[in-house]
Amino acid sequence: MNREIIFIDDELHVRESITQTLTLEGFTVHSFSHAKEALSIITPLYQGIIISDINMPMMDGITFLQQALAIDSDLQVIMLTGHGDISMAVKAMSIGAYHFIEKPFSTDRFIDIINKAFDRRNLILENKELKNELAAQSAPGPRILGNSEEIKQVRRILHHVKNNTDSVLISGDSGTGKKLLARYIHDHSQNSSMPFIRINCRHLISSSEGSNLFEFNQDHQLTHPRLEKLHQLQTGTLYLHDIDKMASKEQTSLLHYLQLAPTLSEFNIRIIASSSLDLLQASRSNRFNSKLLYALNSISISLPPLSNRKKDIPLLFQNFTRTAASRYGIETPAISADLFQQLKEYDWPGNVRELRNFAEKSILMGTEVALSTLMGTTSEGRNLGLMARIDQFEFTLISDALQRHNGRLKEVQDELQLARKTLYDKMKKHHLDKDNFKG
């Protein structure tokens, strides 16, 4: 249970005394002398409770309560009152305060009220989270699956940012699901019916696509063909994948674009960027434009590696196998507890992408053969002939390339250096469909 408390009182000795009491009871206390300071850190994601004095300079407790509840009407706020402030306390309760307590008060009663406020706050947040998750998981499009606390926190953030156009910076190791998360944000936003344009910044360095990508004409419009549709409609989502691979010239152009675009009339384009590197560290070593980092970092979401959320592996694997079996017209096989245990014991350096590829292989090749390519542990895997091993390797190379390039065959051809007909023949041989790798 979250044990954070925001405590506001303009009297130093009261703050010190109550902070010490609450700290000894195991709470984490953030104390403030002015209500305005406390308001700056309160968000709908705040899981703790708030304790505030009523009579304070600059902003009194009643005004603070009204502004705090405007941020989240379900915040649990306990008001502290002095002698003669009962009428104000009653007013606070009518506005929406959880409780009030008159000074001086007994510690036992104070802690009891606080614990009940925490119980209520946690129950409200759990119910909200359940409703949001049910709505999101029943909607069409990509889903963010998992019951680990890390993924629950990601879903909490997504629920609160889906309907604005603030830029989003997604960080996480390769294969953790950054592209899927970007698509999820777009599909659950108010601009879901508008264009979603994905730019792979890795390719900007070696192709003409990066030339003048973010430069405006005299009418302050982007003229590059990849972005023309976005700016004709003045709305949609631009997703910049692997932004850490963007050359410095393009970084400067993008920064200028981000600074100018919001000043244009009816501009409603959301920028989502993702990186596998620590951009803060890269900016400190002059490998990434620090001003661009701050411009992109309005909302930051970090995706954990799969090794940090192993409790999610059974749910993810079941989802991937059901999807693959349906796609190939194969009955979904039963999954043993022993297999789940083996999957949990593996480190998954390729993260969720590697787990998804393994699920595909297990449906097409069988679990034992798939495990042999993953871990090299089964006798069947060790006894495979040369051609079977070559087929496994070929399947892995092509499916991984299709995954990286979102099913775009021209890019897969270039990476694997295959003729178009050769690639088609090999995809047909391995039952691979480019449409299954899009989005």
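Side-chain atoms are counted along with the backbone in the values below, which use heavy atoms only and exclude waters and symmetry mates. Here, residue 1 is the first one in the sequence, and each next residue gets the next number.
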query = What heavy-atom pair brings Gly236 and Met194 nearest, and what distance separates the two atoms?
reply = CA-CB, 3.7 Å

message = Looking at Gln251 and Asn289, would you say the former's side chain and the latter's main chain have a donor-acceptor pair under 3.5 Å?
response = yes

ask   = Do Ile95 and Ile62 touch side chain to side chain, with heavy atoms closer than 4.5 Å?
value = yes

inquiry  = Asn319: which residues meet the side chain to side chain donor-acceptor pair (under 3.5 Å) condition with it, sequence neighbours left out?
reply    = Arg143

message = Less than 3.5 Å apart, any donor N or O on the side chain of Ser283 or Tyr294 sitting next to an acceptor on the other?
response = no

Any residue meeting side chain to side chain donor-acceptor pair (under 3.5 Å) with Ser275, in chain and number order, not counting sequence neighbours = Asp244

message = For Asn357, give me all partners under side chain to side chain donor-acceptor pair (under 3.5 Å), at least two apart in sequence or on another chain.
response = Asp400

Gap separating the CD1 atom of Ile199 from the CG atom of Leu240, nearest 0.5 angstrom = 7.0 Å

ask   = Can you name the nearest heavy-atom pair linking Pro44 to Leu125, along with the distance?
value = O-CD2, 4.5 Å

inquiry  = Working note: Leu169 + Ile272, criterion side-chain contact (heavy atoms from CB on, under 4.5 Å); need CA distance, chi angles, decisive distance, verdict.
reply    = CA-CA 6 Å; Leu169 180 60; Ile272 303 176; over 6 Å; no

ask   = Is there side-chain contact between Ile18 and Phe110, with heavy atoms separated by less than 4.5 Å?
value = yes

remark   = Output for pair (Lys179 NZ, His241 NE2), nearest 0.5 Å, gives 5.0 Å

task = Determine which pairs satisfy salt bridge (charged side-chain N to carboxylate O under 4.0 Å, His left out) with at least one residue from residues 42-64, sequence neighbours left out, and list them in order.
result = Asp53-Lys103

note = Value for CG (Asp72) from CD1 (Ile124), rounded to nearest 0.5 Å, stands at 8.0 Å

ask   = How about Met88 and Thr81: do any of their side-chain heavy atoms sit closer than 4.5 Å?
value = no

request  = Just do the side-chain contact (heavy atoms from CB on, under 4.5 Å) check on Tyr98 and Ile49 with the steps written out, would you?
outcome  = CA-CA 10 Å; Tyr98 170 72; Ile49 67 165; over 6 Å; no

query = Looking at CG of Leu69 and CD of Gln76, how far apart are the two atoms once the value is rounded to the nearest 0.5 Å?
reply = 9.0 Å

ask   = So, do Leu158 and Ile301 sit near enough that their side-chain heavy atoms are less than 4.5 Å apart?
value = yes

request  = Check step by step if side-chain contact (heavy atoms from CB on, under 4.5 Å) holds for Arg270 and Leu238.
outcome  = CA-CA 6 Å; Arg270 174 173 233 163; Leu238 174 60; over 6 Å; no

query = Is Gln67 close to Thr63 at the side-chain level, that is, under 4.5 Å between some pair of heavy atoms?
reply = yes

query = Is the side chain of Arg198 donor-acceptor paired with the backbone N or O of Tyr239 at a distance under 3.5 Å, no angle test?
reply = no

remark   = For Pro314 and Phe340 the tightest heavy-atom approach is CA-CE2, 3.6 Å

inquiry  = How close do Ser276 and Lys178 get, counting heavy atoms only, and between which atoms?
reply    = OG-NZ, 3.3 Å

task = Quick one: closest heavy-atom pair of Ser52 and Gly61, and the distance?
result = OG-CA, 4.2 Å

request  = Spell out, as yes or no, whether a donor-acceptor pair under 3.5 Å connects the side chain of His188 to the backbone of Tyr184.
outcome  = yes

key: ring pair (Phe, Tyr, Trp, His ring centres under 6.0 Å) against Phe100, all qualifying residues, sequence neighbours excluded   = none

task = For the residue pair Leu181 and Val154, establish whether any side-chain heavy-atom pair is separated by less than 4.5 Å.
result = yes

message = As an exercise, state the distance from CD1 of Ile51 to CD1 of Ile113, rounded to the nearest 0.5 Å.
response = 9.5 Å

task = For residues 299-311, pull every pair meeting salt bridge (charged side-chain N to carboxylate O under 4.0 Å, His left out), keeping only residues two or more places apart or in separate chains.
result = Arg309-Asp312, Lys310-Asp347

inquiry  = Checking side-chain polar atoms at under 3.5 Å, does Thr235 have a donor or acceptor matched by the opposite partner on Asn191?
reply    = yes

Which pairs would a plain distance check flag for residues 20-31, meaning a side-chain donor or acceptor within less than 3.5 Å of a matching protein atom at least two apart in sequence or in another chain?
unit_1 : atom_1 : unit_2 : atom_2 : d
Thr21  : OG1    : Ser17  : O      : 3.1
Thr23  : OG1    : Thr19  : O      : 2.7
His30  : NE2    : Glu4   : OE1    : 3.4

request  = Would you indicate whether the side-chain heavy atoms of Ile50 and Ile5 approach each other to under 4.5 Å?
outcome  = no

task = Apply ring pair (Phe, Tyr, Trp, His ring centres under 6.0 Å) to Phe64 and list each qualifying residue two or more places apart in sequence or on a separate chain.
result = none

query = Are Thr332 and Thr321 close enough that a side-chain donor and a side-chain acceptor fall under 3.5 Å?
reply = no

task = For the pair Phe358 and Phe317, evaluate ring-ring contact (aromatic ring centres under 6.0 Å, His included) and give the outcome as yes or no after the intermediate values.
result = CA-CA 9 Å; Phe358 172 76; Phe317 184 69; 5.7 Å; yes

query = Is Asp173 paired with Arg353 through a side-chain N to carboxylate O contact shorter than 4.0 Å?
reply = no

message = Looking at Asp74, is its backbone amide N or carbonyl O close enough to the side chain of Arg121 to form a donor-acceptor pair, meaning the two atoms are under 3.5 Å apart?
response = yes

ask   = Are any side-chain N or O atoms of Lys344 and backbone N or O atoms of Ile313, one a donor and one an acceptor, separated by less than 3.5 Å?
value = no

query = Aromatic rings Tyr346 and Trp348: how do their planes relate, parallel, tilted or perpendicular, breaks at 30° and 60°?
reply = perpendicular

request  = Please collect all salt bridge (charged side-chain N to carboxylate O under 4.0 Å, His left out) contacts where either partner lies in residues 285-305, sequence neighbours excluded, each pair once.
outcome  = none

task = Sequence neighbours left out, what passes side chain to side chain donor-acceptor pair (under 3.5 Å) with Gln153? Give chain and number order.
result = Arg156

task = May I ask you to test the Ile41-Tyr46 pair for a side-chain heavy-atom distance under 4.5 Å?
result = no

task = Walk me through it: do Leu180 and Ile144 pass the test side-chain contact (heavy atoms from CB on, under 4.5 Å)?
result = CA-CA 8 Å; Leu180 179 139; Ile144 309 301; 3.2 Å; yes

request  = Kindly assign one of parallel, tilted or perpendicular to the pair Phe196 and His186, based on the angle between their ring planes and the thresholds 30° and 60°.
outcome  = tilted

ask   = If you draw the axis of the six-membered ring of Phe118, does the NZ or CZ of Arg3 fall within 45° of it and under 6.0 Å from the ring centre?
value = yes

inquiry  = Restricting to non-hydrogen atoms, name the atom on Ile42 and the atom on Ala68 that form the minimum distance, rounded to 0.1 Å.
reply    = CD1-CB, 4.4 Å

remark   = Applying side chain to side chain contact (heavy atoms under 4.5 Å, CB included) to Ala295 and not counting sequence neighbours gives Leu255, Leu258

query = Going through the checks in order, is the salt bridge (charged side-chain N to carboxylate O under 4.0 Å, His left out) test met by Arg284 and Asp278?
reply = CA-CA 10 Å; Arg284 288 171 176 167; Asp278 183 340; over 6 Å; no

message = Just verifying a value: how many Å separate Leu277 CG and Leu279 CG, rounded to the nearest 0.5 Å?
response = 7.0 Å

task = Please list all pairs passing the salt bridge (charged side-chain N to carboxylate O under 4.0 Å, His left out) test where one or both residues lie in residues 33-44, with sequence neighbours left out.
result = none

